[in-house]
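See below for the structure under consideration.
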Amino acid sequence: MNRIIALDATQKVGERISASGWVHSRRDHGGLIFIDLRDHSGLLQLVVNPETPEAFKVAEELRDEYVVKVEGTVRERAAELRNDKIPTGGIELAVDNVVILNRAETLPIQPFAEAQANEELRFKYRYLDLRRPAIQRMLKKRADMYRQIREYMDARDFTEITTPILANSSPEGARDFLIPSRLQDGKFYALPQAPQQFKQLLMVGGVPRYYQLAACFRDEDPRADRLYGEFYQLDCEMSFVEDGEEVRAMMDPLVKQLVTDFAGKELFFGDEIPRIPYREAMETYGSDKPDLRFDMKLIELTDAFANTEFGVFKHAECVKAICVKDGASLSRKQIDHFTEIAKNEGAAGLAYITYENGEVKSPIAKFLSSEELAAITEKTGAEDGYTVFFGADKRDIVNAVLGKLRSEFARHFGLKDSRKVALAWIIDFPFYELDTKTNKLDFGHNPFSMPKGGMKTLEETENKLDIIADQYDMVMNGYEICSGGVRNHNPEVLYKVFGLLDFSPEYVEEKFGAMLNAFKYGAPPHAGCAFGVDRILMELMDEQNVREVVAFPKNGSGVDVMMNSPSVVDPAQLSELGL
RNA sequence: GCGCCCGUAGUGAAGCUGGUCUAUCACGUCUCCCUGUCACGGAGAAGAUCGCCGGUUCGAAUCCGGUCGGGCGCGCCA
């Protein structure tokens, strides 16, 4: 037996066993040495006595994190010697033989101390960081999640199929990672941003249901909830599906299972997963990925101020408010902080009124009539102790500002209950949107999704911004965790959606030739989606940063500080590639 | 590319309204003592040009400018 299997040892009192692991700590009493031996299963106390002089001599030499193999007899501890803090505290191993398998220098970080080293050092010495039980647990959890996903998908006749990693550069998406081809001079592969085209081709190829825990690669700047470079998706697709609801209903039980069985959390909406149209989400929560664990809806006040004397409200395209319970407790400094956040989102400022001791206190109250104040109170439902914050600007800006503030206020007042998970599908995304910089029409989300109503809608809709895509996202506690759609499997419609953006048929053929070609030969309607498994793990394991749920993460600059990648390569390698 | 924040022994923190800072504390490391500890204990020791460069000043860890590195956010992410 080569491992501790800590709990197992408690079953072997009186038996002679061998155990291997790391020296977690050594307590040398001069005439008696205690060693906590550690492996993945936990700790086991070893006792080395001078009566076994050879073992004792070796034990005196041991230092933290030495790798050892020991032999001895498991014995029960006397009542007063038990340690109830650890599962094996009732026993100990009386050791008579100690072999040092490997020595360890003093560690550059202390993985088992209360205060962890900063992230950069932890990642530089990730192999030491990984020894922490919390990280070991995370790795097991990820594997467990993969297993649950596979069992679920397999049971529903989805076939797991791997698609190429050496793929093609895809336009209209994120920045690609390019791989020069040695055999094809001057040409490049690209790492796939997603298996999108391959999975659609699988549908044309007669695969009824496909899934894959797919590696995806995007060369874009990271965030706390977005890894640099590579990440994993549960990618899936179903043929002969013309309504996205079929896909959503297929995946709902899996996500609920992950929340309850896997993470042990409570579903905020119980068995239901609400479907919220994009437009409604934007107007009600100011976001297409709202955190629904708290209410704090955006309240429409534009009409109430149609004839106001207050210029800021009078001339704004849109006036809305959010009502913050306990807002009166905010200090001037804190309100300034939220004002900064509002300005970051494009607001000119942040007007507010506070209800305190039966009075209204506000820098803007003097500009508002008593009727207007009454309307605010009535529409927001504000009571004593509340503060109402206003957004007045173009509608999109108001929604963005108040949506951001809604989330920040919730954080400030502790409304984000980590034991609960609010899931929702955001549906009916606009097919096109206006590029704010160029003021030109652009794809809203995914150019491969089907416009609702197909060709007829594309041709007959006056304002192209009104065209709805059969496209849906799932949100979990304010994070986008899934994106999917009913695909456009009709070549004519595909030409048309690109044509409306002035892309020529030749361009479409050049970029999506394989898929267009395939669609000519009997493509079934199909739909699917892709879940971001790293982000789901992050949220379900209460991590603030998605790097925490990855074994070997890169830092924010795309550098693996442990392996020193990326790195300079041998010029001979480059010349072989013709570079 | 832009904005905000951070950088002090091996690790984590304090100091940062300039002057007993000759830089403090905890953990870790090293030496010696210790037969029931489990955050072992006791005695002692080593270890920091305060990220780097420059400036202001009689004097800079502390103030200013630049630079490098990191974190968060914006842009970006079909």
Side-chain angles (χ1 to χ4, degrees), chain A residues 24-38 43-51 56 63-65 77-86 88-90 92 94 104-125 128-129 170-176 193-194 196-197 216-229 231 337 340-341 343-346 400 404 408 429 431-433 435-437 442-449 469 471 480 483 485 497-498 501 503 511-512 530 532 535 544-545 547 555-557 559 561:
Chain A
H24 189 70
S25 74
R26 187 181 62 116
R27 295 178 292 281
D28 187 341
H29 288 234
L32 188 66
I33 298 173
F34 297 99
I35 292 156
D36 285 340
L37 188 67
R38 185 193 73 243
L43 298 176
L44 176 66
Q45 173 163 285
L46 314 178
V47 189
V48 194
N49 197 290
E51 286 155 28
F56 194 79
R63 296 293 180 270
D64 284 0
E65 299 305 309
R77 298 199 207 176
E80 69 276 15
L81 302 179
R82 294 173 64 92
N83 177 4
D84 294 330
K85 290 181 202 162
I86 60 171
T88 58
E92 62 191 6
E105 292 181 17
T106 301
L107 266 47
I109 58 173
Q110 293 171 254
F112 304 102
E114 269 178 45
Q116 288 304 307
N118 72 45
E119 191 190 78
E120 194 183 4
L121 273 172
R122 284 177 49 219
F123 289 170
K124 179 171 182 182
Y125 300 101
L128 299 179
D129 198 41
S170 54
E172 305 296 318
R175 201 172 288 113
D176 283 315
Q193 297 176 21
Q196 180 73 30
Q197 294 195 59
C216 303
F217 305 88
R218 295 177 191 176
D219 183 11
E220 296 292 348
D221 289 5
R223 294 284 184 273
D225 66 345
R226 205 168 77 199
L227 290 160
Y228 173 77
F231 63 100
H337 168 70
E340 274 311 303
I341 290 169
K343 285 180 176 173
N344 254 332
E345 294 295 320
K404 176 72 176 174
E408 293 295 324
F429 279 81
F431 197 93
Y432 295 111
E433 61 186 17
D435 187 312
T436 45
K437 274 177 285 187
D442 198 1
F443 291 114
H445 257 57
N446 183 333
F448 303 113
S449 63
Q471 164 94 38
E480 178 193 321
S483 196
V497 299
F498 277 92
L501 296 186
F503 287 111
K511 298 300 182 187
F512 313 111
R535 200 176 280 173
Q544 303 300 308
N545 192 300
R547 291 190 290 268
N555 73 8
S557 307
V559 173
V561 290

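Values below: every heavy atom of this structure, side chains too, minus hydrogens, waters and symmetry copies. So you know, we letter chains A, B, ... as the sequences are listed, proteins then strands, and number each from 1. Not measured: the values here are computed from a predicted model.
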[N] [atom2] sits how many Å from [X] [atom1], rounded?
{"X": "Glu92(A)", "N": "U37(B)", "atom1": "CD", "atom2": "P", "value": "11 Å"}
{"X": "Glu408(A)", "N": "G73(B)", "atom1": "CD", "atom2": "P", "value": "10 Å"}
{"X": "Asn545(A)", "N": "G70(B)", "atom1": "CG", "atom2": "C1'", "value": "13 Å"}
{"X": "Leu81(A)", "N": "C40(B)", "atom1": "CG", "atom2": "P", "value": "16 Å"}
{"X": "Gln116(A)", "N": "U11(B)", "atom1": "CD", "atom2": "C1'", "value": "10 Å"}

His29(A) aromatic ring stacked with six-membered ring of C40(B), 5.5 Å and 30°: yes
Taking atom P in both U62(B) and A23(B), compute the distance separating them and give it to the nearest angstrom. 16 Å
Is there a donor and acceptor pair closer than 3.5 Å between the side chain of [X] and the base of [N]?
{"X": "Arg82(A)", "N": "C38(B)", "answer": "no"}
{"X": "Arg223(A)", "N": "G75(B)", "answer": "yes"}
{"X": "Arg226(A)", "N": "C77(B)", "answer": "yes"}
{"X": "Asn344(A)", "N": "G3(B)", "answer": "no"}
{"X": "Gln110(A)", "N": "G10(B)", "answer": "yes"}

Watson-Crick or G-U wobble mate for C2(B), both contacts under 3.5 Å: G73(B)
Could you identify the nucleotide paired to A45(B), looking across every strand shown and requiring Watson-Crick or G-U wobble geometry with both distances under 3.5 Å? U29(B)
Counting any heavy atom closer than 4.0 Å, what does [X] reach on the DNA or RNA strands: base, sugar-phosphate only, or nothing?
{"X": "Asn118(A)", "result": "sugar-phosphate"}
{"X": "Glu120(A)", "result": "sugar-phosphate"}
{"X": "Ile33(A)", "result": "nothing"}

Any side-chain N or O of Arg27(A) under 4.0 Å from OP1/OP2 of U37(B)? no
Are Asn555(A) and Tyr228(A) close enough that a side-chain donor and a side-chain acceptor fall under 3.5 Å? no
Please figure out whether Ala113(A) or Lys404(A) has its closest RNA chain B nucleotide nearer the 5' end. Ala113(A)
